[in-house]
Amino acid sequence: MARRRNGCGGCAVPLLVVFGLFFVMPLIMLLVSPAIAAHIVLSGSPAQEVYLSEWLWASAASLPLALMLVRSALKRNGRLRGGPMIKRWLGMLARGAVLLGAMNVAAFVKLKPTGPDGQVMEDGMPALLVAGLVGVAALIAIRLWDRRPRRVTVQEVRAAAAEADRALRRVRAENERVRRQAEQVQARLTKIRARATGPAGHPRDRSSRPKQPEHAGRNAPRSDIDFHALRTFHRESYQCADTAHMAYHSAQSSLHTMSYLVRRARLAPHRMVWQGPAAKRARAEMHAAATHLARSHVELRAQVDQGLGMVRDLNANTSDLKLEIRDSCGEPGQQWFDALEERIEKAREERRTSGIR
């Protein structure tokens with residue numbers, strides 16, 4: 001096994017050399033073709049003038065190639081590619097020109113005078129290597145700049161604060177709806193359990209009691225319990241908890257975005273280097289907007305956490321209601337309970353299967 005690994009490691013070096021000679025070096029030569037063309041013109045070598053047109057054609061292809069390299073270096077959701085289309089392409093064009101300029105200046109400086117045989121690339125490997133290193137450094141700098149967050153504006157912070165206030169009102173309304181539903185479920189459970197209380201005055205444990213045979217009277221329906229009303233009420237409670245949970249999940253996604261914007265907004269006043277009355281007013285406006293957004297963000301998070309707790313309680317009470325329907329509504333309640341458990345298990349199996357895929 002050791003020999004096999006050493007053999008593969010030994011094969012990597014020739015592969016890298018071949019890759020560099022047949023792909024990287026031609027790529028660098030294509031990118032620095034404007035410098036080579038300028039070198040031919042300035043050298044005035046008659047032997048090289050016949051190759052000038054070829055290097056000029058290569059120079060025409062150098063800019064699209066530089067654009068491809070710049071685009072590959074930028075993040076998909078970065079500072080430049082996340083902006084408007086016109087601004088995006090103008091920005092990439094400018095950065096492609098910077099990449100070409102840096103590489104061609106480095107290559108032109110390192111190119112030696114034309115050799116006696118008229119070869120402009122006589123001993124040109126150092127020039128290509130230097131140009132390649134400069135190009136890599138330029139692409140790294142472009143990528144690092146693109147990862148920097150764009151400076152946030154007062155209008156953006158105010159818009160985010162307004163959206164946070166709207167989300168806060170929606171979550172508060174959702175919390176009130178869940179609270180009312182939870183109280184209704186709890187009241188209905190208390191009423192059912194009071195009717196089903198044993199002789200000693202203690203409610204029976206519905207969740208852990210084994211299924212009794214029919215002759216024991218377990219499946220005998222109680223005349224004072226409306227099965228259809230309880231079934232509808234259970235469905236309403238389940239749907240209330242489900243829609244509320246989706247609303248809270250959406251609010252949590254908004255909270256994640258807001259927390260990032262809050263940090264940027266708090267740092268924005270300290271990054272304003274210009275002075276004067278206008279700068280002082282701008283800092284005050286940004287500070288006020290950032291404070292408003294931070295306050296709304298904290299309150300929204302508290303309301304979402306509270307709502308998630310109420311949803312958990314509502315789900316627990318709805319589960320108890322399901323058991324009470326099974327135990328108190330006779331054979332129809334038992335059949336409804338079995339069908340519901342079968343649907344729940346089928347949904348879980350589908351989620352597990354989709355997760356594996």
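All values reported here derive from a predicted model rather than from experimental measurement.
- Every side-chain contact (heavy atoms from CB on, under 4.5 Å) that A37 has, sequence neighbours left out, goes to L52, W55, L56, S59.
- By the side-chain hydrogen bond (donor to acceptor under 3.5 Å, both in side chains) test, H292 is found to be paired with D165, residues two or more places apart in sequence or in another chain being considered.
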Identify every side-chain donor-acceptor pair in residues 96-104 under 3.5 Å, counting partners at least two apart or on other chains, and give the distances.
unit_1 : atom_1 : unit_2 : atom_2 : d
N104   : OD1    : A35    : N      : 2.8
N104   : ND2    : L31    : O      : 3.1
N104   : ND2    : L100   : O      : 2.6

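- Among the candidates T243, D305, N175, the single residue satisfying the side chain to side chain donor-acceptor pair (under 3.5 Å) test with Y248 is N175.
- At a threshold of 4.0 Å, the pair R180-E176 counts as salt-bridged, since one of the basic side-chain nitrogens sits closer than that to a carboxylate oxygen.
- Through direct or relayed side-chain contacts under 4.5 Å between Ile, Leu, Val, Met, Phe, Trp and Tyr, W57 connects to no other residue.
- A search for side-chain hydrogen bond (donor to acceptor under 3.5 Å, both in side chains) contacts involving E236 returns nothing, not counting sequence neighbours.
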Using atom types as modelled, flag every donor-acceptor pair under 3.5 Å from a side chain in residues 128-140 to any protein atom, sequence neighbours excluded.
none

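- Applying the side-chain hydrogen bond (donor to acceptor under 3.5 Å, both in side chains) rule to Q186 yields the partners N317; only residues at least two apart in sequence or on another chain are considered.
- Side-chain atoms of T291 come within 3.5 Å of backbone N or O of H287 as a donor-acceptor pair.
- With hydrogens and angles disregarded, no donor-acceptor distance shorter than 3.5 Å links the side chain of S237 to the backbone of T318.
- The side-chain hydrogen bond (donor to acceptor under 3.5 Å, both in side chains) check on Q184 picks up nothing, with sequence neighbours excluded.
- When the side-chain contact (heavy atoms from CB on, under 4.5 Å) test is applied to A294, the partners found at least two apart in sequence or on another chain are V262, R266.
- A donor-acceptor pair under 3.5 Å is formed between the side chain of S72 and the backbone N or O of L69.
- The pair K346-E349 does not meet the salt-bridge criterion, since no charged nitrogen lies less than 4.0 angstrom from a carboxylate oxygen.
- To the nearest 0.5 Å, the span separating CG on D320 from CG on L189 amounts to 6.0 Å.
- Residues passing the side-chain contact (heavy atoms from CB on, under 4.5 Å) test with A182, sequence neighbours excluded: L314.
- Shown here are the ring-ring contact (aromatic ring centres under 6.0 Å, His included) partners of H297, two or more places apart in sequence or in another chain: there are none.
- R231 contributes atom CZ, which lies 13.0 Å from atom CG of L321 (distance to the nearest 0.5 angstrom).
- Listed by chain and residue number, nothing satisfies the side-chain contact (heavy atoms from CB on, under 4.5 Å) test with Y238 (two or more places apart in sequence, or in another chain).
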